[in-house]
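One structure is given below, encoded as structure tokens.
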Number of protein chains: 4
Amino acid sequence: MRAHTGRRRNDEAKAAILTAATDLLAAGEPVTLGAIAGRAQVGKQTIYRWWPSKGAVVLEAMTERARSLAPTTSTGSLEGDLEAFVAATFAAAGTPEYTATLRGIVSEALRDEHAAAVLAEFTADRREQLYLIIERWLPDVAADLAVDQVYGVLWYRLLIGHAEVDEATGTQLAATIATQLHAAA
Amino acid sequence: MRAHTGRRRNDEAKAAILTAATDLLAAGEPVTLGAIAGRAQVGKQTIYRWWPSKGAVVLEAMTERARSLAPTTSTGSLEGDLEAFVAATFAAAGTPEYTATLRGIVSEALRDEHAAAVLAEFTADRREQLYLIIERWLPDVAADLAVDQVYGVLWYRLLIGHAEVDEATGTQLAATIATQLHAAA
Amino acid sequence: MRAHTGRRRNDEAKAAILTAATDLLAAGEPVTLGAIAGRAQVGKQTIYRWWPSKGAVVLEAMTERARSLAPTTSTGSLEGDLEAFVAATFAAAGTPEYTATLRGIVSEALRDEHAAAVLAEFTADRREQLYLIIERWLPDVAADLAVDQVYGVLWYRLLIGHAEVDEATGTQLAATIATQLHAAA
Amino acid sequence: MRAHTGRRRNDEAKAAILTAATDLLAAGEPVTLGAIAGRAQVGKQTIYRWWPSKGAVVLEAMTERARSLAPTTSTGSLEGDLEAFVAATFAAAGTPEYTATLRGIVSEALRDEHAAAVLAEFTADRREQLYLIIERWLPDVAADLAVDQVYGVLWYRLLIGHAEVDEATGTQLAATIATQLHAAA
DNA sequence: AAGTAATCGAGACGGTACGTCCCGTCTTAGC
DNA sequence: GCTAAGACGGGACGTACCGTCTCGATTACTT
């Protein structure tokens, strides 16, 4: 038996697929697998070789982008760190392109269990970032509910669309949550 | 010209359609238009005559049910009223049947603008209930963000599924929000 | 008990229905019952009160027109009478409007047994006219096959469209059939 | 640019579709596209990928069958050849199964231009067979009208249903037409 | 250099749901 | 009582995607 034969896999294709998915999502066009494959100049089978379902592709496309979003450098206080992080998160999520993408992601996750798993992982990662910030200043407080209040407002407004998701909201919310955490400590 | 001619809308059919939609949603079966029509003993055209899309049907079905959910009777304090309402809301939303339905609704709303409009109306109605409770005790406080924190946690957990939506959570969240509101007043 | 109440039935409506059917047929537009009713400014139920099916309406519309088509006056010989009748029949049937109508009729008759019955009656009537002409000159000859040859060529060409249906063809065919009948006598 | 990419057309599927169509037609069951697809174990899209309409499928199914129907071997005389061919044609077309099929085909052709084109081709092929027989014995006679008399009687009787389509009729008609042709030569 | 095999783009496949169209029936209010 | 309008249950239509399967072409390692 030999170590390896055959053509190597094309990493450009993988990148093209993720880009195509993000583009479609952001453009508001229907995100069909055929459309992704066509736009990426890739066969559908190539997509299924690497992802278990359409939703998983879309989510991975998003996740990559989102990871490098909000700052984690410290400002010297819980209030400051919280505000910097939450405001940046809200500011980014509030851009029209990003909003469309996040909505698209939830839409996929609700129809596809693979996508749901990736979304769960993605949001867990985001929550973890926030935990770490809180833990640095208040290591013993139970922060679960506070964290969910932050992301809850974000996603709720994104999905329903009844109110702004912007930096100011993030700032205001961060201050409120900081007070709440200090009181609980 | 006449005011109206032709057969009137059959309200039994309307009720049967909404019931069928809710049943399928709650049963976790795929909510196909054909399935709704079949279960309601109704032609598909009858559905499309009165609703612009599948999602709109599903949402209207839900909205009707949800309106009579959480109590609005007063307990004598903001804390008490808030806790009663939020805890009841979380308890109801946390049942598996209801969770499935709400998730299905968002899924529809994200793909269908008509459904999105109905979801917006539904959630606006829910928020309004909460505003009224707060306003009774603190008429001058800006409650928007507080209200969104409550429903934000609810929907965020429902959609991601990483944490419980139950009465205890509702109780705890209500207390936190009450404190927050008193501080802001 | 009263002798009669209610609105009298509207014979104009009947005429309007038949006209509408013929118009649609000749115009090549899809002959749906809704279209007939709409064009005739008539309720669908009014149509079904008088005809058993859509096809029957269409056929009656045609039959009325067709009955007064070919001459039956005598010219003094079998050849002459036959030629006059057949040439006139072919000339009339060959007009584009008439062709479209006849094709439409067969189309209805093939999908609707009521329509088929009326078409059978209509064609029987047409054949009868031809029998009478032949019988006047050759009372004892079996003319069935000869008659079917005449109408066969007519309908076959109308339906397939591979060759002309015109006066010249009718003339030529009449001469051939006359010879055939004389030989058989 | 490549000559071809992608999976090739599945000829088994094509055969299964045509068989299913013929079976339904012959069985007198409603020839639904869904029924054809279901019986052929084929997706509806596969049918629409290769035929422009339902009627085209049905006609192609028929055409294939019909080509190997009537004999073209010579018997030694025009009368003999004509009788053999026409009698065989009438005998075959007169079977209940075949009659139903042919009627169904015309029905399709009258509603669908693609089907009409295939029917035109099919009938042209049948006429050509008859021309060839006549031409062998009488190369210079104009046989168009004679040929249409034969097929005219066939189709006229099939569609109206007022008289038999059987071997005896074919035999009698062949004799008549043979005489007619000899006279014209 | 020739042989071998994994991977590629393309696209046909079986299947499910969609939203539209039309049929023939039923139900109104108006004349 | 009959009408025009039009809603009803039902069912076929042709389209859009899904996720799988099948091609010939390409690529890269092994011999």
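Lettering of chains follows the sequences in order, A, B, ..., and the numbering in each one begins at 1.
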Atom-to-atom span, CD of D/E12 to P of E/dG14 - whole angstrom: 10 Å
Spacing of D/L25 atom CG and D/I105 atom CD1 [to the nearest 0.5 Å]: 6.0 Å
D/K14 NZ to E/dC13 P, straight-line distance once rounded to whole Å: 11 Å
Contact under 4.0 Å: C/R49 side-chain N or O vs F/dC2 OP1/OP2: no
Spacing between B/E108 atom CD and E/dA17 atom C1', to the nearest angstrom: 12 Å
Main-chain N/O of C/L110 paired to D/R103 side chain as donor or acceptor, under 3.5 Å: no
For atom CD of C/E113 and atom P of E/dG24, their distance in whole Å: 11 Å
Sequence neighbours excluded - salt bridge (Lys or Arg N to Asp or Glu O under 4.0 Å) pairs with any residue from residues 12-22 of chain B: B/K14-B/E60
Closest-nucleotide ordering on DNA chain E, the 5'-leading residue of D/N10 and A/V42: A/V42
Residue mapping more 5' on DNA chain E - nearest nucleotide basis, A/T46 or D/G43: A/T46
Exam field: side chain B/T32 to backbone B/A35, donor-acceptor pair closer than 3.5 Å: no
Separation of F/dC18 C1' from A/I47 CD1 (nearest whole Å): 12 Å
Considering all heavy atoms, the nearest B/A16-B/A40 contact: O-CB, 3.5 Å
Salt bridge (Lys or Arg N to Asp or Glu O under 4.0 Å) involving B/E108 - partner list, sequence neighbours excluded: B/K54
F/dA5 phosphate, OP1 or OP2, under 4.0 Å from B/R7 side-chain N/O: no
Interatomic distance where CD1 belongs to B/I36 and C1' belongs to E/dC18 [whole Å]: 12 Å
C/Q41 side chain near F/dA5 phosphate (N/O to OP1/OP2, under 4.0 Å): yes
Below 4.0 Å: OP1/OP2 of E/dT27 and any side-chain N or O of B/R9: no
Gap between atoms CZ and P, on D/R39 and E/dG15 respectively (whole Å): 15 Å
E/dA29 OP1/OP2 closer than 4.0 Å to side-chain N/O of B/R8: yes
Straight-line distance of C/I17 CD1 to C/W50 CH2, nearest 0.5 Å: 6.0 Å
Rounded distance in Å - CG (A/L24) to C1' (F/dC17): 14 Å
Could you go through nucleotides 20-22 of chain E and list every protein N or O atom that sits under 3.5 Å from one of its N or O atoms, giving the distance for each pair?
unit_1 : atom_1 : unit_2 : atom_2 : d
E/dC21 : N4     : B/Q45  : NE2    : 2.9

Touch class at under 4.0 angstrom, heavy-atom based, for D/W50 against every strand present: sugar-phosphate
